[in-house]
There are 2 protein chains.
Amino acid sequence: MAKARAAPLRTCPVAAFQKMISGKYKLRIVWDLKDGPRRYGEIRSGLLRGTAGSSEITPRVLSRELKALTESGLIDRKDFGEVPPKVEYRLTRKGKSFVPVVAAIREWGERHLGEPAALADAAE
Amino acid sequence: MAKARAAPLRTCPVAAFQKMISGKYKLRIVWDLKDGPRRYGEIRSGLLRGTAGSSEITPRVLSRELKALTESGLIDRKDFGEVPPKVEYRLTRKGKSFVPVVAAIREWGERHLGEPAALADAAE
DNA sequence: CAGCATCCTGCGTGATACTG
DNA sequence: CAGTATCACGCAGGATGCTG
């Protein structure tokens, strides 16, 4: 490996990761897509389940996230002809390779965040 | 699948995770602390290496992150008496259990983000 | 159905200055 | 040394309304 390179220039992987998944829905979108391609509306619906049934996610935001994920190379957009509009999103190879990471995150989260229990959670 | 618990109420683990590590430095602080306790100044210095030698992290921000991590139960603050002020931060059990997750993130990041290479990285 | 255009707001982040 | 206080700003993210 001879990583040797004492040049830690560039954003470190962690920072890059943070940037890549910045946004509330990106991780969940990726997770949702792990089961196969999904349409825009399906993703949107899927995002509503699991969280507090708070406000619906706005198209503007979802669109943004989707686009960002596409540009990050995690997902791929497939536009079927037209009328009526049908667009599917699916994980790219890169995206699929990322799934285990999300899985690790979820697993840890379920174990340590699912039951805040006796911890100081005065935040809310 | 016996998913059993049909109660996805509450923020899903992913969202909770996102919230917990929101902030540019939290993940890196945790990572930095994996090697043992560190003092405030050391953490600060450590944060400067690895990223572009951009601006120095402001005390306000670092303080905030540290406090948030403490309240999340990931790290622990140990204040040695006083004069001259000496404070050490160290990972809690919970924090240590989180390290592997960060490791997974870093590993993935190094593999897929370290060398954007031929991908569309027009962003910057 | 799958978006885009415009407006508005909160908060995360940085700069600067001060303290025990 | 290890913070806190105050000011300021950019941008993520929600609300609405429109379109191909």
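So that the names make sense, note that chain A is the first sequence line, chain B the second, and so on, each numbered from 1.
- Atom CG of B:L47 is separated from atom C1' of D:dG3 by 16 Å (rounded to the nearest Å).
- Atom CG in A:D79 sits roughly 11 Å away from atom P in C:dC4 (whole-Å rounding).
- Ranking C:dA2, C:dC4, C:dG20 by closeness to the A:P59 side chain, first place goes to C:dC4.
- Per the geometry, NZ belonging to A:K26 stands 11 Å off C1' belonging to D:dG13, to the nearest Å.
- Here the closest heavy-atom approach between residue B:K34 and residue B:V99 is recorded as CB-CG2, 4.0 Å.
- For the pair A:Y25 OH and D:dG13 P, the computed distance is 8 Å after rounding to whole Å.
- The main-chain N or O of B:K94 is found under 3.5 Å from a side-chain atom of B:S97 such that the two form a donor-acceptor pair.
- For A:R64 and D:dG13, the shortest distance from a side-chain N or O to OP1 or OP2 is not below 4.0 Å.
- B:E56 contributes no side-chain N or O that, together with a main-chain N or O of B:L48, makes up a donor-acceptor pair within less than 3.5 Å.
- Across all strands shown, A:E65 has heavy atoms under 4.0 Å from sugar-phosphate atoms exclusively, and none from any base.
- Ring pair A:F17/B:W108: centre-to-centre distance not below 6.0 Å.
- Phosphate proximity of C:dC4 to A:Y40: absent, as no side-chain N or O sits under 4.0 Å from OP1 or OP2.
- Residues B:S22 and B:E65 come closest through the heavy atom pair O-OE1, 4.1 Å.
- Between the C1' atom of C:dA2 and the CZ atom of A:R38 lies a distance of 17 Å, rounded to the nearest Å.
- Nearest heavy-atom pair, B:R106 versus A:P13, reported as atom, atom and distance to 0.1 Å: O-CB, 3.8 Å.
- Proximity of a side-chain donor or acceptor of A:T92 to a complementary backbone N or O of A:L74 within less than 3.5 Å is detected.
- Residue contacts for B:F80: at a heavy-atom cut-off of 4.0 Å it reaches no nucleic acid atom on any strand shown.
- As judged by a 4.0 angstrom heavy-atom cut-off over every strand, B:K67 is placed among residues touching the sugar-phosphate backbone only.
- The environment of NZ in B:K78 is sparse: at most 12 heavy-atom neighbours from other residues, nucleotides or ligands sit within 6.0 Å.
- Atom CG of B:L62 and atom P of C:dT16 are 18 Å apart (whole Å).
- Nucleotide C:dG3 holds its P atom 13 Å from the CD atom of A:E82, rounded to whole Å.
- For the pair A:R77 and B:S22, nearest-nucleotide mapping onto DNA chain C gives the more 5' position to A:R77.
- Regarding A:I57, its CD1 atom lies at a distance of 11 Å from the P atom of D:dA15, rounded to whole Å.
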Below 3.5 Å is the cut-off: list the nitrogen or oxygen pairs between protein and nucleotides 6-9 of chain C, distance only.
unit_1, atom_1, unit_2, atom_2, d
C:dT6, O4, A:R60, NE, 3.2

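- Nearer to the 5' terminus of DNA chain D, by closest-nucleotide assignment, is the contact made by B:K86 (compared with the other of A:T58 and B:K86).
- With D:dG14, D:dG3, C:dA2 as the candidates, the nucleotide lying closest to the side chain of A:V61 is D:dG14.
- Contact annotation for B:P84: no contact, since no heavy-atom pair falls under 4.0 Å across all strands.
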